[in-house]
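Beneath this line is the structure, given in structure tokens, with notes to follow.
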2 protein chains.
Amino acid sequence: MVEKQLKDRIIETALTLFEKYGYHGVTVDRIVAECGASKGGFYHNFKSKDELLYHIHDVFITYVLNKAQEAYVKYKTPTKRLCAIIHSFVRVFHIYKPHITVFNQEAAYLKPAYAEKINAKREQYKQIIFQVLREGIEAKEFRSEISIELAGLSIIGMVNWMYKWYKPDGPMSIEQIATAFNDLILHSLLTEEAKRDEDISSFLLSHVGEE
Amino acid sequence: MVEKQLKDRIIETALTLFEKYGYHGVTVDRIVAECGASKGGFYHNFKSKDELLYHIHDVFITYVLNKAQEAYVKYKTPTKRLCAIIHSFVRVFHIYKPHITVFNQEAAYLKPAYAEKINAKREQYKQIIFQVLREGIEAKEFRSEISIELAGLSIIGMVNWMYKWYKPDGPMSIEQIATAFNDLILHSLLTEEAKRDEDISSFLLSHVGEE
DNA sequence: GTGAACAGACCAACTAGTCGGTTTGAAATA
DNA sequence: TATTTCAAACCGACTAGTTGGTCTGTTCAC
């Protein structure tokens, strides 16, 4: 493989355009023109414009779901698991920012058959978060007063919302953002006992500067 | 005004349809058919489909911005101000859920002239949040380790994300959600001293059940 | 009677998708 | 090695359907 295949070029170009102008703001003609391809080339690689949209969705959600599962398996305590999942989630923005923008912005336009597949994976992701929160409460690492569902959706919301403001060349690095998020989230979840546990609270910002 | 004016019927119908099918998933013909109007009636009340989209955006952002400013004026300490702003923000979902969905989903399709006006107000809203956080840190109510920008965007993100999951007839009431959000947010922001202050920490969930 | 509110047939532009044709590259054949 | 073959990859003019917006009226309130 000396040079990039047409299919990849189409996806890459479409991604850049979709991110900027939205799915409906970009025509197939524009995509193929911008990447030096043709209508024929496009429809040879994709059944339809919808399939391209689905493909973009699937690449991202599959990747991020895998990462979350890996993090869950790799670590053994709720706090560590949650921090690792969030960290991997934030880190995805480094590679998949345009995918995530399209994912969060255009999912409503997926044809039912495609939407179903994507939603199944999206639901799986949510369940992993809920599961970790549940285990955290059981282990008395997280406060029992919180609503698992609400806390989970808050976490997903604050991270996903990054697609509205995160700029890869902005002043904050991915690592800084991930650390700050984990600090905020843990402060809102951890019990007082857990905060006193050196091993658990090592993820908190306030402990970084201590001496 | 005995019966509802056409303009309002158009907006209401459009809102319901946009929320479900997206701005590009709904044609002007569909809107006027669904509310028993005509093309002529539509274009008598709106210069274009774009103007209708702008109108929906403006109604919501103007309302929520006012509410935030009111809350800021009404209360005098950072914690109270923040809680009131968040509370009002969440409460808006009760009336303006479709508006907010359109606002968060279709803003990218606003024509430049319209987008500019909306963005100015959106920016103002953000600045109010940042301002309260800044004052909270100065007053030593909020932890100095947090990044104002990141904490602010997190708050905005978690609340705005509600448009993806909040169902008016769901198991959680607006008030419950607002209270839970405030609990999570304050736990992540408040300093230890502030938490010990009875007046400030009265917003925390963990204090509700205490005796 | 006069202008605002509204109706609905009509139009021009745009766009996803098609279809017959051409290129290309590698395997099969001689 | 030279030649044929054949399917996959790709091209681009064309089409059929859709959709925002217009325009000529008609109705109705004051």
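Naming: A, B, ... by sequence-line order, numbering from 1 per chain. Keep in mind it's a predicted model, so treat the numbers as computed, not measured.
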Of dG21(D), dG17(C), dT15(C), the nucleotide closest to the side chain of Thr27(A) is dT15(C)

Using the rule side-chain contact (heavy atoms from CB on, under 4.5 Å), only one of Ile128(A), Ile86(A), Val132(A) pairs with Arg81(A); which is it? Val132(A)

Quick check on DNA chain C: between Asp29(B) and Lys7(B), whose nearest nucleotide comes earlier from the 5' end? Lys7(B)

I need the minimum non-hydrogen distance between Ser38(A) and Val32(A), along with the two atoms involved. O-CG1, 3.4 Å

So, is His44(A) near the phosphate of dC10(D), with a side-chain N or O under 4.0 Å from OP1 or OP2? no

Just to be sure I understand the rule, does Val32(A) reach a base, reach only the sugar-phosphate, or reach nothing, if contact means heavy atoms closer than 4.0 Å? nothing

Do the side-chain N or O atoms of Asn45(A) get closer than 4.0 angstrom to the phosphate oxygens (OP1, OP2) of dC10(D)? yes

Between atom CG in Asp8(A) and atom P in dA9(D), what is the gap in whole Å? 13 Å

Measure the distance from CD on Glu51(B) to P on dG20(D) and round it to the nearest whole Å. 15 Å

Once you round it to whole Å, what is the distance between P of dC14(C) and NZ of Lys39(A)? 14 Å

Any N or O donor-acceptor pair under 3.5 Å from the base of dG17(C) to the side chain of Lys49(A)? no

Measure from the side-chain heavy atoms of Leu6(A) and tell me the nearest of dG20(D), dC11(D), dG17(C). dC11(D)

dT22(D) P sits how many Å from Phe46(B) CZ, rounded? 15 Å

What distance separates Leu52(A) CG from Ile10(A) CD1, expressed to the nearest 0.5 Å? 8.0 Å

Atom of Ile174(B), atom of Phe93(B) and distance for their closest heavy-atom approach: CD1-CB, 4.0 Å

Whole-Å distance separating the NZ atom of Lys111(A) from the C1' atom of dG17(C): 13 Å

Roughly, in whole Å, what's the span from CD1 in Ile10(B) to P in dG21(D)? 14 Å

Given dC11(D), dG20(D), dG17(C), which nucleotide is nearest the side-chain atoms of Val28(B)? dG20(D)

Could you pull out all donor-acceptor pairs under 3.5 Å where a side-chain atom in residues 62-71 of chain A meets a protein atom, sequence neighbours excluded?
unit_1: Thr62(A); atom_1: OG1; unit_2: Asp58(A); atom_2: O; d: 2.7
unit_1: Thr62(A); atom_1: OG1; unit_2: Asp58(A); atom_2: OD1; d: 3.3
unit_1: Thr62(A); atom_1: OG1; unit_2: Lys121(A); atom_2: NZ; d: 2.8

Starting the side chain at C-beta, find the nucleotide from dG17(C), dG12(D), dA7(C) nearest to Ala37(B). dA7(C)

Check the distance between dT18(C)'s C1' and Phe42(A)'s CZ and give it to me in whole angstrom. 14 Å

Nearest to the side chain of Ser38(A), heavy atoms from C-beta on, is which of dT18(C), dT15(C), dG12(D)? dG12(D)

Whole angstroms only, please: what is the CG-P distance between Leu52(B) and dG20(D)? 11 Å

